[in-house]
Protein chains: 4
Amino acid sequence: MAATKPRTYQPEKTRASIIKAGLKLFGAKGYHGSSVGDIAKAAGITKGAYYHHFQTKEELLLLIHQEYADYQLKAMQAVLTEDDTSSEQLRALIRCIVEAVGRYRPNVTIFFQERRYLTKKYMARATAERDQLEAAFQAVIERGITSGEFRKDLDSRVTCLGIIGMCAWTYQWYSDDGRMSAIEVADNFSTLVLDGLVA
Amino acid sequence: MAATKPRTYQPEKTRASIIKAGLKLFGAKGYHGSSVGDIAKAAGITKGAYYHHFQTKEELLLLIHQEYADYQLKAMQAVLTEDDTSSEQLRALIRCIVEAVGRYRPNVTIFFQERRYLTKKYMARATAERDQLEAAFQAVIERGITSGEFRKDLDSRVTCLGIIGMCAWTYQWYSDDGRMSAIEVADNFSTLVLDGLVA
Amino acid sequence: MAATKPRTYQPEKTRASIIKAGLKLFGAKGYHGSSVGDIAKAAGITKGAYYHHFQTKEELLLLIHQEYADYQLKAMQAVLTEDDTSSEQLRALIRCIVEAVGRYRPNVTIFFQERRYLTKKYMARATAERDQLEAAFQAVIERGITSGEFRKDLDSRVTCLGIIGMCAWTYQWYSDDGRMSAIEVADNFSTLVLDGLVA
Amino acid sequence: MAATKPRTYQPEKTRASIIKAGLKLFGAKGYHGSSVGDIAKAAGITKGAYYHHFQTKEELLLLIHQEYADYQLKAMQAVLTEDDTSSEQLRALIRCIVEAVGRYRPNVTIFFQERRYLTKKYMARATAERDQLEAAFQAVIERGITSGEFRKDLDSRVTCLGIIGMCAWTYQWYSDDGRMSAIEVADNFSTLVLDGLVA
DNA sequence: AATGAATGAGGGTTCATTCAT
DNA sequence: GATGAATGAACCCTCATTCAT
């Protein structure tokens, strides 16, 4: 008699294993390169079970973004309550973003590359979170300009998007291989944009 | 005998219309969101005809990248032959990248978001081109550091990738709506990373 | 100790609510258009609970037919025990069918349209009941012909199926909206087939 | 070397074989009981080929209805142009319907039992055709009543739907097994509703 | 060069049903 | 009696690609 695999009833564990599998597969082969079947198999369950926990494939994609976005927004709010100089706030913000991107790199990679496939309903939620981040960033820069701490001859929006780009782009190349911590990278960026490259 | 309308064969025109359709559709709905049928219809031909001009769907994706990459590399080489200060060279390089990204934004968008689906053969070519760009960039920065024109306390690789990220990221937000030219954006970036934000 | 709200077990009530939900859903969206999950939700229970009360989805379909068939057969038997003229008997039979179809319209609709999906076992029971009805009908007509009350130049089987069809078809259009009672419709039919349309 | 089945390029033949297969399978196992795969296999093609000829599974269902409806409406119009007594017109109409139902019995069976699953877009077309048929029928009856040829004490709508039901119901039982032609059945019906059963 | 019929492999999703809890 | 997690088979449909015409 063949031994039948016993069913395990641990819904939370199952959900977690699906998310983990999604992160791994989406990260490795992309959203369209990974089928729900692939994900289910990697999670050690059946396709049917996947659909017991998620409504659609897309829902998993959004969840992966949310995991990062939640962390990012919370971390930012913690930084912004402090009453520092604009330079210090910007430095903190840059650290905060680079660190979050480094920590959630698979999530970020997946999201940046696949977000266009989100349907409207899901997209709206994701966009709102990006907007919050940009707004916070720009506020810090404009406060610095107004207070005279930052130079006035630069466009605040362009500067803001430039710095965010610099930080976000780390998802393309940064890996915590011990050579350099996310904080070190962030501080390098901060010096660069605050004091400039010229000796 | 009635005059028969002669069928006009214009292979180059057909090819061009396919590329145009690919750019439009890939840009709007993504590589996986656009079927070969969609592309053919948008190009005013049949699916069969598509396969007369391209071997696979992927080939079109690569071609779209190449169009941008070719322009980018040529523009860069034109800039680098000049014998300027490192600051001037960096400023020129930044202009060159931002301008190219602005001009080929659909191509860039598509490539950054879909490159993971390229098969190895194609991927190799694309990666080689990216590497060339990064190498040129880093060379300029390192020359500046060596000559004493740039500060020595920043990591050249991180700085290089930071600036490239800042420039590349414009594909996410820049649109030539008249408010600001690509050159102006580039110069904003240059001032930011050369002289710093602090007043 | 706080008084715990005692769970009330009312199996019959649950069964009834399932049947009610099945009637509503099958009627509105068809047998295949309504999932067991839909039915359970409409009945205010879980899918698991459904399977405590019914073995399969099909069982509910049969039960819905039975509810109507039982009523129909009983009503017919009540009518046929009376010792009237054939005309009166036919008139009573027509009333009886139209009234039953009107009363159990959802059941009838469902059954006529979905019976083909019954498996053999269930189908046999359902067919037997239809046969009984047809037999009773035909007996009345043949008795009328034999006794000379009805004309002899019509085929008794065709006539029988024609009248049954006329009555059964009301499931397609009759709704008790007050404009006309089932009895009135039935009597209209009776006059039509007994006395004819010609003035 | 295995012999490869050569592709045959006869689109019309393929379409016809799909329709034939659909008629057979829908008739035997119902719309929901027959998968597109089943139909394709029965038609000797692949699922992909099915979708080359039809947009959806539903489209085949509608087509099956259309085939019957087109015939029915055309036949009716041919009958109604004649300038006969109302009795003759009704008799002709009944023949026309019974004959059409007999000829297209599989189509009719399928349609009556599955029409509820048509989506709105398709349903609208089908309903319009049913309405035309009913309207023509009722017009004949009302003209007969007005002219004094038919009795005035019957509701024209109920009478109309009753006769249509009688005719339509034949799809449930009539088969041209030689014992009785559709015309004979129709004339039996005509005598029944025109002159009545009473001797 | 061009067509469009045909292929065949999957893709996402649904669903009746089972079973550990 | 009741729950809901899990199954597994099927289903409709899409799509890159091939090939006879």
Side-chain angles (χ1 to χ4, degrees), chain A residues 4-15 32-40 44-60, chain B residues 7-11 14-15 32-40 45-60, chain C residues 7-11 14-15 32-40 45-60, chain D residues 4-15 32-40 44-60:
Chain A
T4 345
K5 189 168 70 164
R7 288 192 199 179
T8 62
Y9 278 81
Q10 298 168 313
E12 277 316 314
K13 222 168 166 177
T14 302
R15 250 188 99 84
H32 289 93
S34 322
S35 73
V36 172
D38 293 340
I39 294 165
I45 57 166
T46 60
K47 258 197 293 187
Y50 173 92
Y51 280 97
H52 185 66
H53 294 278
F54 293 89
Q55 304 259 8
T56 59
K57 185 185 176 188
E58 200 181 354
E59 198 179 311
L60 180 56
Chain B
R7 225 198 271 195
T8 58
Y9 288 125
Q10 299 171 308
T14 305
R15 253 186 97 83
H32 289 94
S34 320
S35 71
V36 172
D38 293 341
I39 294 164
I45 57 167
T46 62
K47 252 197 300 191
Y50 173 92
Y51 280 94
H52 264 281
H53 295 277
F54 294 90
Q55 302 266 359
T56 61
K57 186 185 177 188
E58 196 184 357
E59 198 181 314
L60 179 57
Chain C
R7 225 198 271 196
T8 58
Y9 289 125
Q10 299 172 307
T14 304
R15 253 186 97 83
H32 289 93
S34 320
S35 72
V36 172
D38 292 341
I39 294 164
I45 58 166
T46 61
K47 251 197 300 188
Y50 173 92
Y51 280 94
H52 266 282
H53 296 277
F54 295 90
Q55 302 266 0
T56 62
K57 185 184 176 188
E58 195 183 359
E59 199 181 314
L60 179 57
Chain D
T4 345
K5 189 169 72 165
R7 288 191 198 176
T8 62
Y9 278 81
Q10 298 169 312
E12 276 317 314
K13 221 169 168 176
T14 303
R15 250 188 99 83
H32 289 93
S34 320
S35 73
V36 172
D38 293 341
I39 294 165
I45 57 165
T46 61
K47 257 196 292 187
Y50 173 92
Y51 280 98
H52 185 67
H53 294 278
F54 294 89
Q55 304 259 8
T56 59
K57 184 184 175 187
E58 200 181 354
E59 197 179 312
L60 179 56

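A, B, ... follow the sequence lines: proteins, then strands. Residue 1 opens every chain. It should be emphasised that the depicted structure is a prediction, and the values quoted were computed from it without experimental measurement.
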Could you state the atom-to-atom distance from CG of A:Asp38 to C1' of E:dA9 in whole Å?
14 Å
B:Arg15 to B:His53 - nearest heavy-atom pair and separation
NH1-O, 3.1 Å
Could you tell me whether the phosphate oxygens of F:dC12, OP1 or OP2, come under 4.0 Å of any side-chain nitrogen or oxygen in D:Thr56?
no
Mind calculating the distance between NZ (B:Lys47) and P (F:dT18) to the nearest angstrom?
12 Å
Can you tell me if the side-chain N/O atoms of C:His52 get under 4.0 Å from OP1 or OP2 in F:dG1?
yes
Taking E:dT17, E:dG8, F:dG4 as options, the one with an atom nearest any side-chain atom of D:Thr46 is E:dG8
With both distances kept under 3.5 Å, what pairs with E:dT21, Watson-Crick or G-U wobble?
F:dA2
Looking at F:dA5, E:dT7, F:dC11, which one has an atom nearest to any side-chain atom of D:Ser35?
F:dC11
Smallest heavy-atom separation, A:Tyr50 atom then A:Lys57 atom, equals OH-CA, 3.4 Å
Closest-nucleotide 5' rank along DNA chain F - winner of B:His32 and C:Gly48
C:Gly48
Determine: side-chain N/O of B:Tyr51 to OP1/OP2 of F:dT17, distance under 4.0 Å, yes or no.
yes
Whole-Å distance between F:dG4 P and A:Glu12 CD?
14 Å
Base partner of E:dA1, which must satisfy Watson-Crick or wobble distances under 3.5 Å:
none
Judged by nearest nucleotide, the residue sitting upstream toward the 5' end of DNA chain E, A:Lys57 or D:Ile45, is D:Ile45
Which whole-number value in Å describes the distance from C:Tyr50 OH to F:dG1 P?
16 Å
Closest nucleotide among E:dT17, E:dT3, E:dT7 to the B:Ala49 side chain:
E:dT3
Most 5' of D:Gly33 and D:Gln55 on DNA chain F, judged by nearest nucleotide:
D:Gly33
